[in-house]
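Written below as structure tokens is the structure these notes are about.
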Amino acid sequence: MTGLTRRSVLHGSLGLVAAGGLARPYIANAAATTAEVWWQQGFAQEEDIAFKKLVADYEKASGNKIEASIIPFAPLRQKEISAIQAGVVPDVMEYADFSFLPLNAWADKLVDVSDIVEPVKSQYIDTALRATYTYNNTTKKRAYYAVPTKAAGIPFHIWKSLVEKAGFKVSDIPNTWDEFLDFFMPVQDKLRAQGMRNIYSYGYQLTANGVDPAITFQGFLMAYGGKNLVTPDGKLRTDDPQVKDAAVKAIAKLTTPFKKGYVPPGVVNWNDADDNNAFHAKLIVMDFDGSLSTEVALYRKKEEYDDIVTRGMPLGNDGTKIPSPMPIFGALIPKGAKNIAVAKEFLKYAAQPNVLNEYLKGGLGRWALPLPEIAKSDPFWFKEDPHRTAYAEETLVSPTLPLYEAFNPAMADVNAEHVFSIAMIDVMNNGMTPEQAIDKAFKRAEEIFAKYPIAQT
Amino acid sequence: MSVRGPKRPRGYRRLRGADFGWAIAFILPYAAVFFVFVVYPFGYALWMASQPSLYAELLADRSYLPAAVNTLLFVGLGVNVKMFLAVLLSGFFLCPRWWIRALLAMYVLPWAIATTQACVSFHWMLQQEGLVNGLLSALFGIEGPIWFNNRWLGVGANILVYIWKWMPFWTVIFLAARIRVPRDLYDAAEVDGATGIRRFVHVTFPLLANLYLLCTLLSTLWTIGDFTTVYLVSGGGPAASTHVLATLGFHYAFDASKPALGVAAVMSALPVLIPIVILLMRKLQTSEIEL
Amino acid sequence: MSITLDFPSPAPRRYRLRRVLSEAGLVVLGVLILIWSLAPVYNMFLIALDPEEGEIEFAGNLWPPEPSLESFRSVITQEARYLEDFWHQFGNSLFIGLLTMVLTVLIGSLASFAVSRMRLSRGSLLTNAALLTYAIPASFLVIPYFRIMHSYGLSDSLWAVIAAQVAFAVPFAILILQLYGSLIPFELDDAARVDGASAVQVFLRIYLPLMTPALAVVAVYALLLAWNDYLYPAVLLAVRNMTVAVTQGQLFSDTDAEWNAMMAAAIIYVLPPVALLFALRRYVAASLTTAAISI
């Protein structure tokens, strides 16, 4: 103990006090350890840079080290699933699809992070909280199993120049649901009459590939008043006549334009990328697709960027506001992580409003910020760019609902099997009526939900 | 006329002393690779797929049986058409013309190109507004079909792409083998008046028959597990009707977060895979006696 | 000894006509093969030469409407989205590919020699068991591999991928080498032994030189297997040492990839295997020039 003189102890403890004073309140001790974080690669390099800055700032503030891997989207999914299955997990994972969180929470493979989310509940929009409040079949209760980080709205994307070329004005577009959608059919007629061979009104994802179709269906379902298909307690309400009616109307509204030739016939086998490509190629006038990726892809081409009109949901047929589906992404801590303490600290840090805000702003606003208060006070979201304004309005001001997977993991299975896409295709290609298709779909959904009984408290 | 290759010494030679040591030394690297990197993953995968409830779940999924049927078609047609054309074309590429040798370089390009990109290229070519339909309308004035809206066109497209990608590889295998065929066999046949097709049938084919069978068996094993082609060309659509077991399994494992079910989907083909492996092993034994 | 055919002159008309027709037939077949092989590659160029990002899919062009090498430039200068580490990843691909190739050829030829030339008793047990590697498709073994690489301490290491690729390539190598080796008479080995050659010398001086076409095929096969594989590098590697094939795998489900740059990258990425094929062509076609028979 020769090195431990009174002076050195005094200096040491002064140092600790100083560090403690400057440190943020959530840091319990100053022991520096390393945590491994897997995060999704952004859609613009700026997003990755912003994340790296977030990590660096955390490291400086806490003294811990973060080994952050920014992994492209597809390999991230494959690595995460391999990791959880093999039991070789990092400390923090940002999930990259909608089935991962509910299914793994159900299987008790995740660490409960309610101690991170509960204290800051009020900063979040309610939908974000409900999306991560998932059910664990071992404990038989719900808890927060992920910290929400990003939100994605589902806006409509419209080519202004095509609307104008057909002789209409964007201000002509009606604001009630059915009329809003019907507006685009004469646009195609007029454009075709002018000689444009390859032009269609709608780019609806009427396909059984990818994640878009389930979101499209949920959007249309809710527009007709069917939002209670799955209620927050996890029950499937196929017995509710209002839900069934809405579902039938939704399927009909999606498939009738296809049968009449207003949707490209190839949509039946499009994947998540094809509708973006079709929109960019001006094959379609309007697209109903998640996030601002359609616009952000054209960020550097000013003219085209400005030519796109981004807007949220119109009013329902009865004049009331209708909710839109809002997928939420977040970060979770798998069980078996080696450094849960630092993982939790890191997530607590990242969930701070100003930190999260700076990070998502760095990503050019492709993801919406699930924190209404700070978003409203920062001109970036509501004032600087018409696309972002519409997007922020749709996600933070207008009513929203999380994807049904959050209420019950059975919905993840239903969507993996594309039950409702099959219903659409049954009507389009196999001659079923919307009622028959929905009956069949509901029956299959009931079979699947029976495998995921949720105990009601 | 049947043809036999060079004769083997009868009886089996015992390896003596230093020879035995060398033989063991030579085989050790692969033995190590096998025991360290093959046995464990294999066992683990078998364990993952061992729950009977998985198979009940598979059968309940309406996409499973069509996928099994598609796999039979994909493998049956894909492997056999490809192999047959490969053996025929290996003859073509033996012709000593300078332009044929140059053509060989173009011909093997599909093998060298990354499967992902090539399949995406096909996916785009076969869209309603893609290159294929564009050519059909420009050259023949016909309006091409929407390739991926129809299950059978989709399956056909998958098979076509698969053959495009892998035929060059097998052609080269046959080519390398045929070069080695003793030329005096061909000379003798020529003297007997066998040319062209007849020579192929009576001289070339019997020599290649065993190789052909072995390649077919091996290719069958590989094709059952091929998911990239179908995944990227038809995407398994429309409405999951063109899935093969490999893509269905991949979808379960990585799209639906259910890896055990994914492995089970492919394991359900084991009753077919294992006999093929056994047949392959048997044939390999006998091939040591005749080519 | 080569045989040349002497034609009696003047050649009968019918014979000349038949030769012209068969030659024409060969040319037609050649043209068909050319179109068949290159059409999708042409489509890739169509996409790569487009200054826009991906509308080619729906634009219905037969010719590039505004050909531009911009996408190639952005790949080479690493400006294109997702391809910022293109050359580093290219290096990783090279490392993995070349090592897989060398190790497969080495391990495969040694094992095949021991079992089929030296007739190691019960050695065929191992080569048969090797074939079991193919009983479960590789794509479904990736999760077990993820786990064992962690157990062996090879997580995130290039060697993990190399080991996996070698494990999948060698059984095929052994198969092909055994088949090809059966064309080579044992008398050569025996004669060398009688002259006092050791096993190693027989391997190096007799076996390898005679097997070069098969070794060339195995080498190219191993390289391409490792070069173009998406799944194993995606799962087993860390971001810092990923290969180009993984980045290309973005296309699986990404809505925002710059397609023209991706295709340009694919075209650049195919150049090394093509170069290898070119370098090895004379080994594969070793006897073509001396085969004076036309079919």
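First the proteins, then the strands, lettered A, B, ... as listed; each starts at 1.
- Looking at heavy atoms from C-beta onward, Lys258(B) lies out of side-chain contact with Ile81(A) at the 4.5 angstrom threshold.
- Atom CG of Asn271(A) is separated from atom NE2 of His123(B) by 5.0 Å, given to the nearest 0.5 angstrom.
- Considering all non-hydrogen atoms of both residues, Ala256(B) and Ala416(A) come closest at CB-CB, 3.5 Å.
- Remark: side-chain polar atoms of Asn269(A) are paired, donor with acceptor, to backbone N or O of Ser234(B) under 3.5 angstrom.
- By the neighbour-count criterion of 12 heavy atoms within 6.0 Å, atom CE of Met106(B) is sparsely surrounded, having that number or fewer from other residues, nucleotides or ligands.
- Contacts of Asn415(A) with chain B are absent, with no heavy-atom separation under 4.5 Å from either backbone or side chain.
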Original post:
What do the steps show when you test Gln127(B) against Trp270(A) for side-chain contact (heavy atoms from CB on, under 4.5 Å), and what is the final call?
Top reply: CA-CA 10 Å; Gln127(B) 290 295 327; Trp270(A) 278 3; 4.0 Å; yes
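- Taking 4.5 Å as the heavy-atom cut-off, the residues of residues 441-451 of chain A that approach chain B are Arg444(A), Lys451(A), ordered by number.
- Residue with the most contacts toward chain B among Ser82(A), Gly210(A), Ser99(A), Ser421(A): Ser99(A) (heavy-atom pairs, distance under 4.5 Å).
- Contacts between Ala239(B) and chain A at a heavy-atom distance below 4.5 Å involve backbone atoms as well as side-chain atoms.
- Separating the OG1 atom in Thr207(A) from the CG atom in Asn149(B) is a distance of 9.5 Å, to the nearest 0.5 Å.
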Subject >> Stepwise side-chain contact (heavy atoms from CB on, under 4.5 Å) check, His251(B) with His418(A) >> reply: CA-CA 12 Å; His251(B) 170 77; His418(A) 297 286; 4.2 Å; yes
Original post:
Given Asn277(A) and Trp124(B), is the side-chain contact (heavy atoms from CB on, under 4.5 Å) satisfied, shown in steps?
Top reply: CA-CA 11 Å; Asn277(A) 282 351; Trp124(B) 287 25; 3.4 Å; yes
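- Under the 4.5 Å side-chain criterion, counting only non-hydrogen atoms from C-beta, Ser257(B) is in contact with Asp97(A).
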Original post:
Does the pair Phe254(B) and Glu80(A) meet the rule for a side-chain contact (heavy atoms from CB on, under 4.5 Å), with working shown?
Top reply: CA-CA 9 Å; Phe254(B) 296 114; Glu80(A) 284 181 340; over 6 Å; no
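- With values rounded to the nearest 0.5 angstrom, Ile422(A) atom CD1 is found 6.5 Å from Ser63(B) atom OG.
- Looking at Tyr44(B), only its side chain comes within 4.5 Å of chain A, counting heavy atoms on both sides.
- In plain terms, the two heavy atoms of Pro238(B) and Val268(A) that are nearest each other are CB-CG1, 3.3 Å.
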May I have the list of side-chain donor-acceptor pairs in residues 268-280 of chain B shorter than 3.5 Å, sequence neighbours left out?
residue	atom	partner	partner atom	Å
Ser268(B)	OG	Tyr64(B)	OH	2.7
Ser268(B)	OG	Ala265(B)	O	2.5

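- At a 4.5 Å heavy-atom cutoff, the contact between Asn429(A) and chain B is made by side-chain atoms alone.
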